Number of protein chains: 2
Amino acid sequence: MDAGEPLSVPADDVHRPDHWPTGRLLSTASRLVEHAWSDALERLGLTHAGLIVLHLLDLGDTSQSELARHARVEAQTMSRTLDRLERAGWVARVPDPADRRRHVVSRTSAGAEVWQRAQRIEAELFPQVTDAAALRTALLEIVAAAESRRWPAVPPHRGVR
Amino acid sequence: MDAGEPLSVPADDVHRPDHWPTGRLLSTASRLVEHAWSDALERLGLTHAGLIVLHLLDLGDTSQSELARHARVEAQTMSRTLDRLERAGWVARVPDPADRRRHVVSRTSAGAEVWQRAQRIEAELFPQVTDAAALRTALLEIVAAAESRRWPAVPPHRGVR
DNA sequence: TCGAATTGCTCAGCCGGCTTACTAATTTCA
DNA sequence: TGAAATTAGTAAGCCGGCTGAGCAATTCGA
């Protein structure tokens, strides 16, 4: 058994955030920020995953797989997120008569209403940072780099462009 | 039922990452980055949560609750992470004779070895960004702002400082 | 000193990622 | 035309966050 003897590092600093690897900072920041929203969202009967779907439905009714692609999430994950939204009454899934494999997802009127009220939560509860533009630029670079390996190309919305 | 008519937004751009709220960018970037590591970690038989614990044990044997505090995670989450690390043989939990509520967690020699091999994964697989310093600064601001509401103060390592 | 409060840990159950594996429907093409 | 390949969706099971609840041990304080 290893006693875990201190390595060649200034011991009282190693485990403070400013010495963490950047990726660890990234995931911790993400988790803390989502947590800060959860109260406000919960009061509306929403979760962050559901909020994203309600936003995506701005573009109109669409299929589950397309929602998954735009949310950068696997189809199975989207399926369960839609289960919960449907259970809450915010979206409806209707079999597509033209393609009986597809389900057409649409916001219900209650869903449109809760989305109206939730719309500003993400922006308003995000903490102040000194250089927000630099943060966005870096995050976009990361998303672009990482997703290019994971999804060859995310196509535009069906019928658009 | 709401047909989801397009709102007053340039339709083909709304759902591209550069128009996302910053928080959504943050969580997506975080998820994609962690995914990029998962192959390398899995080959070693590790997960990201476990890697963090092995790193924290640089400071020597300690209790579960202290590990949780330093990882910014609830005690229950840490408990299950340690279950998996223990099952894999990388840490040992020994009841503390001095305080029989506590379990002293230590790296096994196998755990120290796998940590040696895993140590560079986070740094080496993190994608290149133009202004890495600005990214870190912003993430540190976010963590500080968000965690001050969640945890009043994260105390230093027991016995240090 | 002894009852109350706190602390350390675990369990159960939820959400939301993931992979693997399956069904059903559609499309492709030899 | 008909078999093969692809696509849409779901199910099961894992990881890792979380909350709420509970037990055992320790510490506090009247």
Side-chain angles (χ1 to χ4, degrees), chain A residues 24 27-39 41-42 45-53 62-69 71-88 93-105 146-147 150-151 155 158, chain B residues 24 27-39 41-42 45-53 62-69 71-88 93-105 146-147 150-151 155 158:
Chain A
R24 206 176 296 176
S27 60
T28 302
S30 159
R31 196 159 41 80
L32 292 177
V33 165
E34 279 199 46
H35 188 89
W37 294 336
S38 65
D39 276 358
L41 289 172
E42 196 177 354
L46 275 179
T47 64
H48 189 219
L51 185 68
I52 293 172
V53 170
T62 183
S63 70
Q64 299 191 192
S65 55
E66 187 162 8
L67 287 171
R69 273 196 302 276
R72 269 69 171 175
V73 142
E74 295 299 323
Q76 304 86 323
T77 298
M78 183 52 67
S79 181
R80 283 197 309 185
T81 298
L82 291 173
D83 284 347
R84 289 174 204 116
L85 284 171
E86 194 176 30
R87 195 193 312 154
R93 280 194 272 205
V94 176
D96 183 348
D99 182 341
R100 282 157 48 224
R101 291 169 306 178
R102 299 176 83 225
H103 289 176
V104 175
V105 180
E147 89 172 348
R150 185 155 173 71
W151 289 282
R158 179 182 275 197
Chain B
R24 207 176 295 176
S27 60
T28 303
S30 159
R31 197 160 40 81
L32 292 177
V33 164
E34 278 199 45
H35 188 89
W37 294 336
S38 66
D39 276 358
L41 288 172
E42 196 177 353
L46 273 180
T47 65
H48 188 219
L51 185 68
I52 292 173
V53 171
T62 183
S63 70
Q64 300 191 192
S65 55
E66 187 161 10
L67 287 171
R69 273 195 302 276
R72 270 69 170 175
V73 142
E74 295 299 322
Q76 304 89 319
T77 299
M78 183 53 66
S79 181
R80 284 198 307 188
T81 299
L82 290 173
D83 284 347
R84 289 183 274 264
L85 284 171
E86 194 177 31
R87 196 194 311 155
R93 280 194 273 205
V94 177
D96 183 348
D99 180 343
R100 283 155 50 223
R101 295 169 303 179
R102 299 176 82 224
H103 289 178
V104 175
V105 180
E147 90 172 347
R150 187 156 172 70
W151 288 282
R158 180 181 275 198

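Since the model is a prediction, treat every value here as computed from it, not as a measurement. To find a chain, count down the sequence lines: A is the first, B the second, and so on, and within it residues start at 1.
Between the side chains of Glu42(B) and Ser38(B), no donor-acceptor pair is found at a separation under 3.5 Å. In summary, the side chains of Arg93(A) and Gln64(A) do present a donor paired with an acceptor at a separation below 3.5 Å, with no hydrogens or angles considered.
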### Message
One pair to check against side chain to side chain contact (heavy atoms under 4.5 Å, CB included): His103(A) and Ser63(A). What are the steps and the verdict?
### Response
CA-CA 6 Å; His103(A) 289 176; Ser63(A) 70; over 6 Å; no
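For the pair Ile52(B) CD1 and dC15(D) P, the interatomic distance rounds to 16 Å; values are reported in whole Å. In this structure, His35(B) atom NE2 and dG16(D) atom C1' are separated by 16 Å, rounded to whole Å. Distance CZ (Arg87(B)) to C1' (dC15(D)): 10 Å, rounded to an integer number of Å. For the pair His48(B) NE2 and dG17(D) C1', the computed distance is 13 Å after rounding to whole Å. Atom CZ in Arg102(B) sits about 12 Å away from atom C1' in dC9(C), given to the nearest Å. Rounded to whole Å, atom P of dT27(D) lies 11 Å from atom CG of Asp96(B). Regarding Arg93(A), its CZ atom lies at a distance of 5 Å from the P atom of dT10(D), rounded to whole Å. Taking atom CG of residue Asp83(B) and atom C1' of nucleotide dG16(D), one finds them 12 Å apart after rounding to whole Å.
Gln76(A) has no side-chain polar atom (N or O) that falls below the 4.0 Å cut-off from OP1 or OP2 of dA21(C). For Arg101(B), no side-chain nitrogen or oxygen approaches OP1 or OP2 of dT6(C) to under 4.0 Å. Put simply, Thr81(A) has no side-chain N or O that comes within less than 4.0 Å of OP1 or OP2 on dC15(C). The phosphate of dT10(C) has OP1 or OP2 within less than 4.0 Å of a side-chain N or O from Ser79(B). Contact annotation: Thr47(B) side-chain N/O to dG16(D) OP1/OP2 distance is under 4.0 Å.
The side chain of Ser65(A) lies closest to dG9(D) when the candidates are dG8(C), dG9(D), dC18(D).
Thr77(A) comes within contact range of at least one nucleobase, with a heavy-atom separation under 4.0 Å.
Taking the nucleotide of DNA chain C with the nearest heavy atom to each of Met78(A) and Ala98(A), the more 5' of the two is matched to Met78(A). Judged by closest nucleotide on DNA chain C, Arg84(A) is the one of Arg84(A) and Arg100(A) placed further toward the 5' end.
A side-chain donor-acceptor contact under 3.5 Å links Arg31(B) to the backbone of Arg72(A). Proximity of a side-chain donor or acceptor of Thr28(A) to a complementary backbone N or O of Arg24(A) within less than 3.5 Å is detected.
Judged by distance alone with a 3.5 Å cut-off, a donor-acceptor contact links the side chain of Arg80(A) to the base of dG17(C).
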